[in-house]
A.B. asks: 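Provided herewith is a single structure, encoded as structure tokens, for subsequent inquiry.
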Amino acid sequence: MENNNLEKNLKKVRVPSIGSSGHKTNLRRALLNSSKFENNKSQTCLINFNFMKKTKLSILAGVPALVIIFALAFNMLISPQMKVAQAMEIMQNDPRVNAVIEEYNLQVEEVEVVGNVAYIFLYIEKDGIEVTLTVDLESGTVGKIVSENGEIKAGEINYDDEDNAFEKKAEAMGLSEEELKTKMILEYKVKAEKMGMTAEEFKAHLDNEKKEWDNKSVEEKAEIKGMTVEEYEAAIQNK
Amino acid sequence: MYNKKNNEELAKEAITDPEAFGELYDRYYDELLMYIFRRVLDAKLAEDILSNTFYKALNKVETYNPEIASFSTWIYRIATNEINMYFRKKGKYVVGLDSEMMEYFVKEKHGHAEDAEEILSRHQDFQILAKAIRELKPIYQDILHLRYFEDFSHKKISETVKMKESSVRVYLHRALKLLEKQLKNDANKFLTESYGK
């Protein structure tokens, strides 16, 4: 079948639909009665209360009641939002996390705060892989970035891998070699596009970088990696 | 009052006003349910994914920026991410029995009355295509469905999947080639299973 014929068939095909059920009404009710809007309702109550403060009723309510209400409002509404903002700030200021976010095009999906720990749920835009990281709000530190396949680090995909390393990498990632190859090609294209280059230009750029790297002395390489020469040589041997 | 407002105005109000969100919900419930259903081919699952889509839209509506994308693009993006997340978590989804699916094929996209045999034949065409599409990578699935079954323009697809319009055209071309290959494989498999080698 030619591509054009397939396209015509796709345009012609009549798509199935489903009839609506009680789900529509039930979900609508649940959404419109969600706590999101309840928060707004309680804020409205607060405003009304402030308005009432100007009347004699405020005298009856008294200052202690106001303090309690403001404390509750702070704990329930303002404090969690501040913690979320704090967690996001800590995450954004961490260069390690930023490198991973940039490389994998991670999108923040949700932030949950439990005590002094924030759980940030992210996902990889292209394939929806979910990734989590924890932020300790007290110490201001960020934990590991983990997906269901383990920790994710920047620069894990090395396009100049040896053939035998490729097989191991696919196995470690729970992918077939063909799937890993497709993933790498897609990522390669995305990277090239991001740098405003064609695939050929990007390849030439990588080759050039590799050549420059190969020309460096062991001392220079170790310095770039932030290691001593011994550590660097040991790391190369382990690899 | 709400029905005269455009989606973007409603989205702004929906941050605090449940009725504004309700209006958006009414506008998009049916078409999103059908979009998700055509991707997952299971009515109950489509409802679950749609629930998640609307819950996320509700919780993220304050982050929606009309200068970046239309509301329609934005909510389709959430639905598309939800679908992909589902497939990622569950692996390849097993399609339900055809007879079960037929129960839900109660109305046609264009509303024409047709004889039962023709309807069945058309639905079978769709099922064959949908099953083959589901074997492709998520990005190809997104693009093919949005283009051919949801009638999205290249521009709207590019905004939904966050990709350049030129890349969408390239991916679409590639997706068609892969789909063609997949359909051939499916046909060969069917022939082998039915008539032996």
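Chain A is the first sequence line, chain B the second, and so forth, proteins listed ahead of strands; every chain is numbered from 1.
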A.B. asks: Under 4.5 Å heavy-atom distance to chain A, tell me which part of A14(B) shows up: side chain, backbone, both or neither.
C.D. replies: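 Answer is backbone: N, CA, C or O of A14(B) sit under 4.5 Å from chain A.
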A.B. asks: Based on non-hydrogen pairs under 4.5 Å, which of K56(B), R147(B), E19(B) is most in contact with chain A?
C.D. replies: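 That would be K56(B).
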A.B. asks: Quick one: which of I83(B), N59(B), L50(B), D26(B) has the most heavy-atom pairs under 4.5 Å with chain A, could you say?
C.D. replies: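 Maximum pair count with chain A is reached by D26(B).
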A.B. asks: Could you check whether any side-chain N or O of Y29(B) sits under 3.5 Å from a backbone N or O of R28(A), counting only pairs where one atom can act as donor and the other as acceptor?
C.D. replies: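 Between the backbone of R28(A) and the side chain of Y29(B) there is no qualifying donor-acceptor contact (under 3.5 Å).
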A.B. asks: With respect to chain A, which residue among T63(B), L129(B), T80(B) yields the maximal number of heavy-atom pairs within a distance under 4.5 Å?
C.D. replies: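 It is L129(B).
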A.B. asks: Rounded at 0.5 Å granularity, tell me how far CD in E7(A) sits from CG in L172(B).
C.D. replies: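 The CG atom of L172(B) is 6.5 Å from CD of E7(A), to the nearest 0.5 Å.
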A.B. asks: Considering non-hydrogen atoms only, spot the tightest contact between L176(B) and L6(A) and give its length.
C.D. replies: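 Between these two residues, the closest heavy atoms are O-CD2, 3.3 Å.
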A.B. asks: Got a sec: does the NZ of K12(B) have more than 12 other heavy atoms crowding it under 6.0 Å?
C.D. replies: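 Count not over threshold, so no.
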A.B. asks: Is there side-chain contact between Y25(B) and L32(A), with heavy atoms separated by less than 4.5 Å?
C.D. replies: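 The answer is no; the side chains never approach within 4.5 Å.
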A.B. asks: Does the side-chain contact (heavy atoms from CB on, under 4.5 Å) test come out yes or no for K24(A) and L33(B), once each step is laid out?
C.D. replies: CA-CA 10 Å; K24(A) 188 174 184 176; L33(B) 179 63; over 6 Å; no
A.B. asks: Taking atom CD of E89(A) as the centre, does the number of heavy atoms from other residues, nucleotides or ligands within less than 6.0 Å exceed 12?
C.D. replies: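 Incorrect, the count does not exceed 12.
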A.B. asks: Within a radius of less than 6.0 Å around NZ of K155(B), do more than 12 heavy atoms belonging to other residues, nucleotides or ligands occur?
C.D. replies: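 No, NZ of K155(B) has 12 or fewer neighbouring heavy atoms, counting only those of other groups under 6.0 Å.
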